[in-house]
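Chain identifiers are assigned alphabetically (A, B, ...) following the order of the sequence lines, protein sequences preceding nucleic acid strands; residue numbering begins at 1 within each chain.
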Number of protein chains: 2
Amino acid sequence: MASSIHDLARHLNISIGTVSRALNGRADVNAETRQRVLDAARKLNYSPNQSGRNLRRGATQSIAFMLQPHPGDQQYGEPFFIPFLTGLQAKLAEHGIDLMVVMGGPGDYQHERLRRLVEARRADAVVLAWTRREDERIDYLTEVGFPFATLGRSQSGGRSYPSLDLDFEKAGSDAVDRLVARGHRRIAAVRPLLNLNFGYLFIAGYRKALKSHGIDFDPSMIAAGFINESGGYEVTPKLMQSKDVPTAIIFNNDAMALGGCRALVEMGLQPGKDIAVVVIVDTALCRYFSPRLTSFRPALEPLGQRLAEMLLESMPALAGPEGAKIIREVWPLELVVRDSD
Amino acid sequence: MASSIHDLARHLNISIGTVSRALNGRADVNAETRQRVLDAARKLNYSPNQSGRNLRRGATQSIAFMLQPHPGDQQYGEPFFIPFLTGLQAKLAEHGIDLMVVMGGPGDYQHERLRRLVEARRADAVVLAWTRREDERIDYLTEVGFPFATLGRSQSGGRSYPSLDLDFEKAGSDAVDRLVARGHRRIAAVRPLLNLNFGYLFIAGYRKALKSHGIDFDPSMIAAGFINESGGYEVTPKLMQSKDVPTAIIFNNDAMALGGCRALVEMGLQPGKDIAVVVIVDTALCRYFSPRLTSFRPALEPLGQRLAEMLLESMPALAGPEGAKIIREVWPLELVVRDSD
DNA sequence: AAGTTTTCCGTAAACGTTTACGACAACACA
DNA sequence: TGTGTTGTCGTAAACGTTTACGGAAAACTT
């Protein structure tokens, strides 16, 4: 059923070497011969077997993304990742590379799966997300010399890999600036559990801005929870029980914010009126909610496209002779003013 | 860097054939030899190269899922698919099979990509979703004899492939029954555009139930839109402009329902009080919203697991000697009573 | 017309596995 | 001792490509 390059060669009375060269656009093949091969390939609808090609080339022409649930949680953060993956896939497809999304079960930090994937060479490179400040996955990959890129920064692995991140620090700081300008002094922040790097950066910006406004940092103004709706729901009441109640809350994420707002409403407070709410990472969820939340919005699809480019350029095998460029970028988040602050 | 089976053999002073047999658990190898091989493999941390294995075995040990945007839309329906894929992946992983999610760009109906994937034999089988009543993808796959399974039924392709679906017809009918029992007679329905099969089934159930209650079917009580928030938002006002205003609306999807509720609120109507709202497919979104919507909820993760089983059992190569069983199942949706009806 | 370059193509090895086949030794049985 | 059986292993071919190498013919050069 599947026609091989041999069938094609036999059909044309030509050697398989020539067929392969014709198909791969090499220079040393007669123009007319190439045309005949192309026509025949179309007619027999031949398409090269990936496995054979992979084996010979030592590359799979595919890149893996590990979509993993938050530690301790069942959610994958999909509203965030799907647009990102769309961009990633689009750019990779331009280069004939497949994106392969592998999903981890809950609980494990993906390490075993990553190791298997790398050792079996199922993909040529991998894209990591949910980077932590110290990330064992990054340590592992740099140690074995497997190509990868990260969405998000980390302190692991030095500068040996491309990374693309959002400027959570600036967003955290801008959020505070904005709230202060609107008269708030008691500003709370809800960050993710664990040492996920973006939460760290967010809080760093938050504290820096507070300081610049001469506001003392109050630890009771910070709460940490799961990065989802129920995380925000559980954590917000604690914030409101502190002796000096906040007049504004910055959530690190719109899912958390939604949960937080639900809690606020149940406490008889109306977000956007009785208390200001700002969201740092606005995925699609904000759209579904009223009041519409003021937020910092990332350009998710371009983010995916760019990271694909950066990864490709970092790989000598694909980047061409001029070799591997390690690029690191940090992108701004766009402020979207809506009704909640 | 990557150790091959040759390295292992050399290290053990043994032939590669024996090493392979030992690793693959064949019978004709001495127990002690096998142990030595296993130990050495671990020590050199050898893991078989997938490409070589694929080529020789003629199989890739991976299955593709095509995650595609709705036609005419940018959304992927991810709140629905992510849990489904989690289940799918989990079950496949038990059999050492990788799930590879390929994402289609907007607009195309995935056909070109599907064809390329099949012809290059990048996967051993594929899982299809968003089945249509007549589905060219199904026609294509059955024609070329490529293994696949579908989430959702179709009229294409006969009974030659495993399929798993939800009982949208029953849910549509039950929704009407419930609303009628609560005193409603003017019941509207919002379905997806295009001939997606689940929308068809939903409406079929809806009409059947109306009939059984002696309610005449009124075409102006049905509206079709994109399967997302803005789809529901755009379509709902039209429904409310019909001469005899509905007192209840059944949305085919929670994203649509959210948009619909937003429209209703803007019209000064409170869902759950002034007008009843029921949702047929409840993904995670319902949780984020108030009033909490009464809905029919699918068991998404088990759905994925089951479909993986069914696909595997349908494939002679994997199912073992007893051969291919084609299973088709339809699962009920569970009614979750909340505050909106 | 002889030498030199260029153009084009065939040959065969290689990528890392799996597996059919046969070989050899050990053992059992007569 | 000869024959058959069993257990264990090595040999080599095969999977479908790509590509280094070399060679023959054609095209230039002088």
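Close approach of DNA chain C to chain A, defined as any atom under 4.0 Å from a non-hydrogen atom of the protein, starts and stops at C/dC8 to C/dG16.
Using a 4.0 Å heavy-atom cutoff across all strands shown, A/Gly58 reaches no nucleic acid atom at all. Among the protein residues, A/Asn24 comes within range of the sugar-phosphate backbone only, with heavy atoms under 4.0 Å from sugar or phosphate atoms but none that close to a base.
The ring-ring contact (aromatic ring centres under 6.0 Å, His included) test applied to A/Phe148 returns A/Tyr161, not counting sequence neighbours. Checked against salt bridge (Lys or Arg N to Asp or Glu O under 4.0 Å), A/Glu119 has no partners two or more places apart in sequence or in another chain.
When only modelled atom types and interatomic distance are considered, A/Thr60 and A/Asp124 share a side-chain donor-acceptor pair under 3.5 Å.
For the atom pair CD1 of A/Ile138 and OG1 of A/Thr150, the computed distance is 5.0 Å after rounding to the nearest 0.5 Å. To the nearest 0.5 Å, atom OG of residue A/Ser3 and atom NZ of residue A/Lys43 are 11.5 Å apart.
Heavy-atom distances to DNA chain D give each of B/Ile16 and A/Ser4 a nearest nucleotide, and the one nearer the 5′ end belongs to B/Ile16.
Between B/Arg132 and B/Asp135 there is no salt bridge, since no side-chain N of the basic residue sits under 4.0 Å from a carboxylate O of the acidic one. With respect to the salt-bridge test (charged N to carboxylate O, under 4.0 angstrom), the residues B/Arg36 and B/Asp39 do not qualify. A salt bridge does not link A/Arg26 to A/Asp28: none of the charged nitrogens lies less than 4.0 Å from a carboxylate oxygen.
Of the possible donor and acceptor atoms, none in the side chain of B/Arg122 sits under 3.5 Å from a partner among the backbone N and O of B/Ser62.
Sorted by first and then second residue, the ring pair (Phe, Tyr, Trp, His ring centres under 6.0 Å) pairs with a member in residues 4-58 of chain B form an empty list; sequence neighbours excluded.
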Just the table, please: protein N/O against nucleotides 6-9 of chain D N/O, every pair under 3.5 Å.
| from | atom 1 | to | atom 2 | distance (Å) |
| --- | --- | --- | --- | --- |
| D/dT8 | OP1 | B/Asn30 | ND2 | 3.3 |
| D/dC9 | OP1 | B/Thr33 | OG1 | 2.6 |
| D/dC9 | OP2 | B/Asn30 | N | 2.8 |
| D/dC9 | OP2 | B/Thr33 | OG1 | 3.3 |

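When the local axes at the two ends of the helix from C/dA1-D/dT30 to C/dA30-D/dT1 are compared, using 5 base pairs at each end, they differ in direction by 50° after rounding to 10°.
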